[in-house]
Novice: 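Let me give you the structure first, and then I'll get to my questions.
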Amino acid sequence: KPLFFDLADNHIEFPSLEHRL
Amino acid sequence: EAQPHLVRLDRAIREGEYSDALEACDALLALDAKDADALRCRAVALIHLSQHEDALKAIAAAKGADLRFEKAYCLFRLRRLPEALKLVASLDDSPRRRDLEAQILYRSERYDEAARIYHDLLKIKNDEYESERVANLAAASAAAAAA
Ligand SMILES: [K+]
């Protein structure tokens, strides 16, 4: 079975909290 | 006072401590149930914890935040592929949207369509995911040829 990467995993990102800190 | 919980949340995110992030979000939401940052972070933390059903509920609760990409990703992970694909189609074009669309198509055994997306994505230069997309294009092309 060929290698396949679920790239969308890397696109689940937290928002920046900089404006609250 | 939200500040200590925000500091804890920020640290937890940076260190990849997603259970801790979730607890900090819950503490923030106990203070303000409409805290938009906490609602959004809660949904993302649940996805990172692979709690996709709970993440869908958190996304539904985060009114006003555009979490359609995250929702489509949860639907994909829950193998609700036609729903995921439909939602992805409503998103603005971007590399992350195309990556998600391509992997939903691949898991739906629509290999030709997946291969076409990777082929197009590989025209974008200076992206950190190029080698993975090359592998995915090869996998999708091989599967399409075998089908
Ligand atoms: K989004």
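Lettering follows sequence order; numbering is per chain, from 1.
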Novice: Name the member of A:L21, A:I12, A:D9 that forms the most heavy-atom pairs with chain B at distances under 4.5 Å.
Specialist: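 Greatest number of close heavy-atom pairs with chain B: A:I12.
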Novice: Within residues 72-79 of chain B, which positions have a heavy-atom distance to chain A below 4.5 Å?
Specialist: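 Hits under 4.5 Å: B:Y73, B:F76, B:R77.
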Novice: Please check if B:L67 and B:L87 belong to a single hydrophobic cluster, counting links between Ile, Leu, Val, Met, Phe, Trp and Tyr side chain heavy atoms closer than 4.5 Å.
Specialist: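 B:L67 and B:L87: separate clusters.
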Novice: What is the minimum heavy-atom distance between A:H19 and B:D37, and which atoms define it?
Specialist: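 Taking every non-hydrogen atom into account, NE2-OD2, 3.1 Å.
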Novice: Contact part of B:Q3 toward chain A, heavy-atom cut-off under 4.5 Å: side chain, backbone, both or neither?
Specialist: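 The side chain, not the backbone.
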Novice: For the atom pair CD1 (B:I13) and CG (A:L17), what is the distance rounded to the nearest 0.5 Å?
Specialist: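 Output value for this atom pair is 4.5 Å.
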Novice: Using the six-membered ring wherever Trp is involved, compare the ring planes of A:F14 and B:Y18 and label them parallel, tilted or perpendicular (cut-offs 30° and 60°).
Specialist: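 A:F14 and B:Y18: parallel rings.
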Novice: Quick check: is B:I117 connected to B:L85 through a chain of hydrophobic side chains (ILVMFWY, heavy atoms under 4.5 Å apart)?
Specialist: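 Same hydrophobic cluster.
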Novice: Is the CG atom of B:D92 crowded by more than 12 outside heavy atoms at less than 6.0 Å?
Specialist: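 Incorrect, the count does not exceed 12.
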Novice: Hey, any chance B:L49 and B:L39 share a hydrophobic cluster, counting ILVMFWY side chains that come within less than 4.5 Å of each other, even indirectly?
Specialist: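 Hydrophobic grouping puts B:L49 apart from B:L39.
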Novice: Does B:E15 have more than 12 heavy atoms from other residues, nucleotides or ligands lying within 6.0 Å of its CD?
Specialist: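 Correct, the count exceeds 12.
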Novice: Indicate the atoms forming the closest heavy-atom contact of B:A139 with A:L3, along with that distance.
Specialist: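 Where B:A139 meets A:L3 most closely, the heavy atoms are CB-O, 3.5 Å.
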Novice: Under 4.5 Å from any heavy atom of chain A, what part of B:A45 do you find: side chain, backbone, both or neither?
Specialist: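 For B:A45, the contact with chain A is made by backbone and side chain together.
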Novice: Does the side-chain contact (heavy atoms from CB on, under 4.5 Å) test come out yes or no for B:L100 and A:H11, once each step is laid out?
Specialist: CA-CA 9 Å; B:L100 182 55; A:H11 303 319; over 6 Å; no
Novice: In terms of hydrophobic clustering (I, L, V, M, F, W, Y; side-chain heavy atoms under 4.5 Å; direct or indirect links), are B:L91 and B:I104 co-clustered?
Specialist: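 Result: yes, single cluster for both.
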Novice: Is B:L6 close to chain A through its backbone or its side chain, or both, or neither, when contacts mean heavy atoms under 4.5 Å?
Specialist: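 Both backbone and side chain.
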Novice: Verify, without hydrogens or angle tests, whether B:D99 (side chain) and A:A8 (backbone) share a donor-acceptor contact under 3.5 angstrom.
Specialist: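 Looks like no, no N/O pair under 3.5 Å.
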Novice: Quick one: what part of A:E13 sits under 4.5 Å from any heavy atom of chain B, side chain, backbone, both or neither?
Specialist: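 Interface part for A:E13: backbone (N, CA, C, O).
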Novice: Using the side-chain contact (heavy atoms from CB on, under 4.5 Å) rule, take B:L9 and A:R20 through it: C-alpha gap first, then chi angles, then the decisive distance, then the call.
Specialist: CA-CA 11 Å; B:L9 176 57; A:R20 301 280 301 272; over 6 Å; no
Novice: Could you see if B:Y111 belongs to whatever hydrophobic cluster contains B:V134? Use Ile, Leu, Val, Met, Phe, Trp, Tyr and a side-chain cutoff under 4.5 Å.
Specialist: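 Yes, one cluster joins them.
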Novice: Mind checking whether A:F4 and B:Y118 have parallel, tilted or perpendicular rings, split at 30° and 60°?
Specialist: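 If you compare the ring of A:F4 with that of B:Y118, the planes turn out perpendicular.
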